[in-house]
Amino acid sequence: MVWKFFSVMLFATVKTLFAPSLGFAEGMPFLTTFTATAIGGVLGFMVFYFFSSQIMNYLNKKRKEGNRAKQLKKARKIVMMKRKYPMWLFIFILPFLSIPVMAVVVRKFYGRDKKITMLSCLATILFALLGCVTYPALK
């Protein structure tokens, strides 16, 4: 049972919405599946959120300094996206993609906002609950 819990938790670090299907396929009860999915999703978000700044710094050091026009164009697109779309849209839409993508995008756009981590963890828990509720209904 412990290995099943950890396998669901490990899968939830990447795909929180689809991890309950693994738990229910393994024969785990609802509460155990939800707990494993929520813990795995939040843990995955925190790991990718806090290490994404180090990864981005490493990639920025490796980037060539020569092409400033491309970098400026990319920076303008990022600023326009941040102004155009509200923060809650990123938090509640990105878990459909994956937790690492959500963590990197949220860190890149809203890294200085202190409430973003709490809202993102809450959204991850809600997606875990959504996956646990909808999977038995689809089966």
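Because only heavy atoms are used, hydrogens play no part in the values below, and waters and symmetry mates are left out as well, while side chains stay in. Because the structure is a prediction, the values reported are computed rather than measured.
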Exercise for review: Taking all non-hydrogen atoms of both residues into account, name the closest pair between S21 and Y135 and its distance.
Suggested key: CB-CE1, 3.5 Å

Practice item. For S52 and R107, work out which heavy atoms get closest and say how close. Key: OG-CG, 3.2 Å

Review point. Do you know the tightest heavy-atom contact between T13 and G40?
Key: CG2-O, 3.1 Å

Study note, to complete from the structure: Rounded to the nearest 0.5 angstrom, the CG-OG1 distance for L122 and T117 is 11.5 Å

Point to revise | Closest non-hydrogen atom pair between P20 and G131, with its separation | key: CG-C, 3.6 Å

Practice item. Dump the intermediate steps for side-chain contact (heavy atoms from CB on, under 4.5 Å) on I125 and V42, then the final yes or no. Key: CA-CA 7 Å; I125 292 170; V42 170; 3.8 Å; yes

Practice item. Kindly say whether M28 contributes a backbone atom to a donor-acceptor pair with the side chain of T32 at under 3.5 angstrom? Key: no

Practice item. Just jot down the side-chain contact (heavy atoms from CB on, under 4.5 Å) partners of F48, sequence neighbours excluded, or say none. Key: P100, A103

Practice item. Is it possible for you to say whether F6 and F18 belong to one hydrophobic cluster, with membership spreading through side-chain heavy-atom contacts below 4.5 Å? Key: yes

Check your understanding: What pair of heavy atoms forms the shortest contact from G41 to T16, and how long is it?
Key -> CA-OG1, 3.6 Å

Point to revise | Partner set under side-chain contact (heavy atoms from CB on, under 4.5 Å) for I116, not counting sequence neighbours | key: Y49, M87, I91, V106, Y110, D113, S120

Review point. Taking it one step at a time, do M46 and C121 satisfy side-chain contact (heavy atoms from CB on, under 4.5 Å)?
Key: CA-CA 8 Å; M46 289 298 199; C121 289; 3.5 Å; yes

Check your understanding: In Å and rounded to the nearest 0.5 Å, what is the OG1 to CZ distance from T37 to F5?
Key -> 8.5 Å

Check your understanding: When you look at V133 and F34, which way does the side-chain contact (heavy atoms from CB on, under 4.5 Å) test go after all the steps?
Key -> CA-CA 9 Å; V133 168; F34 171 69; over 6 Å; no

Check your understanding: T33 and P29: which non-hydrogen atoms are nearest, and at how many Å?
Key -> OG1-O, 2.8 Å

